[in-house]
Amino acid sequence: MLPSVPDTRPAPPAPRGVPPFDPLRVRGSRAGRLRRVIRGQRRAMAAGLALASAALAASGLGTSGAAAPGASGTAGAAAVAGGVPPAPERRPVRRVSAAVRIADAATVRLLRAGDRVDVIAAQDGDPVARVVAKDVQVEHVPRATEDVGHGYPGTDGDGGTAAGGGALVVLSVERDTAAALAGAGVSGRLAVVVSHADRN
């Protein structure tokens, strides 16, 4: 029987715990990165198109091409250049001289050419008066020293005041207003209220 040999090998180390560590993140492949780049470019293009459409709608360029038939090229160019459609052309208002008999001659003598007045009509038996002409300009006031008896019907030979009472004043009004004043003068009495006096 052989004698026993003592074991001289070192003892194994004692077991230790695993220290904590952050989770590992595995990066994707080149194909994944390329797909993300393409998606970002598509989103950027969509956002740019939306902003361009909003700008065109706000400036009116989106509807400038659908102009009404017969519109001139100059008007279309002006709409594109300024971003605002041109305003419709205004026709000049044609005015006429209307001789109006005012019931109170003393009020007429206070008027001067250039004054702006409101003409009010009142009928006998009707307590409610109505405004026939608003903010119209006095063109001329016949005076007693003027020989206007043949120029304005309703004046006497000395001018200004007729035998029927009242006095004439010439107003610069539109045609429709002149017709309304003539009708109101036949059916009732007229009075004036000064809205702005020109005393320059």
Side-chain angles (χ1 to χ4, degrees), residues 13 15-100 111-122 128-140 169-185 190-200:
R16 297 181 179 179
V18 179
F21 59 88
D22 296 335
L24 298 178
R25 293 185 176 87
V26 180
R27 295 183 178 180
S29 62
R30 292 183 178 179
R33 290 197 298 269
L34 181 60
R35 283 195 295 269
R36 287 194 296 271
V37 171
I38 293 176
R39 285 198 297 268
Q41 291 180 350
R42 288 178 179 176
R43 292 174 182 174
M45 291 177 62
L49 290 176
L51 290 176
S53 301
L56 289 175
S59 62
L61 296 181
T63 58
S64 60
S72 62
T74 304
V80 173
V84 178
E89 183 180 357
R90 292 184 177 181
R91 295 183 179 180
V93 178
R94 185 175 180 181
R95 296 183 175 274
V96 296
S97 299
V100 180
L111 299 178
R112 299 290 185 273
D115 292 348
R116 305 194 74 87
V117 298
D118 298 341
V119 183
I120 303 173
V128 180
R130 61 187 179 92
V131 178
V132 183
K134 186 176 181 61
D135 196 30
V136 295
Q137 186 175 7
V138 176
E139 184 177 293
H140 182 65
V169 59
V170 182
L171 304 176
S172 176
V173 296
E174 300 179 12
R175 289 184 176 273
D176 295 341
T177 306
L181 287 170
L190 300 180
V192 290
V193 178
V194 179
S195 59
H196 177 73
D198 187 4
R199 295 295 183 263
N200 295 332

Residue among Val169, Val138, Leu171, Val192 satisfying side-chain contact (heavy atoms from CB on, under 4.5 Å) with Asp115: Val138

Pairing residues for Ser97 by the side chain to side chain contact (heavy atoms under 4.5 Å, CB included) criterion, not counting sequence neighbours: Glu139, Val170

Flag side-chain contact, heavy atom, 4.5 Å: Asp135 against Asp118: yes

Results of side chain to side chain contact (heavy atoms under 4.5 Å, CB included) for Ala184 - residues two or more places apart only: Ala121, Arg130, Val132, Leu190

Closest non-hydrogen atom pair between Glu174 and Arg95, with its separation: N-NH1, 4.0 Å

Closest contact, heavy atoms only, Val136 versus Ser172: CB-O, 4.2 Å

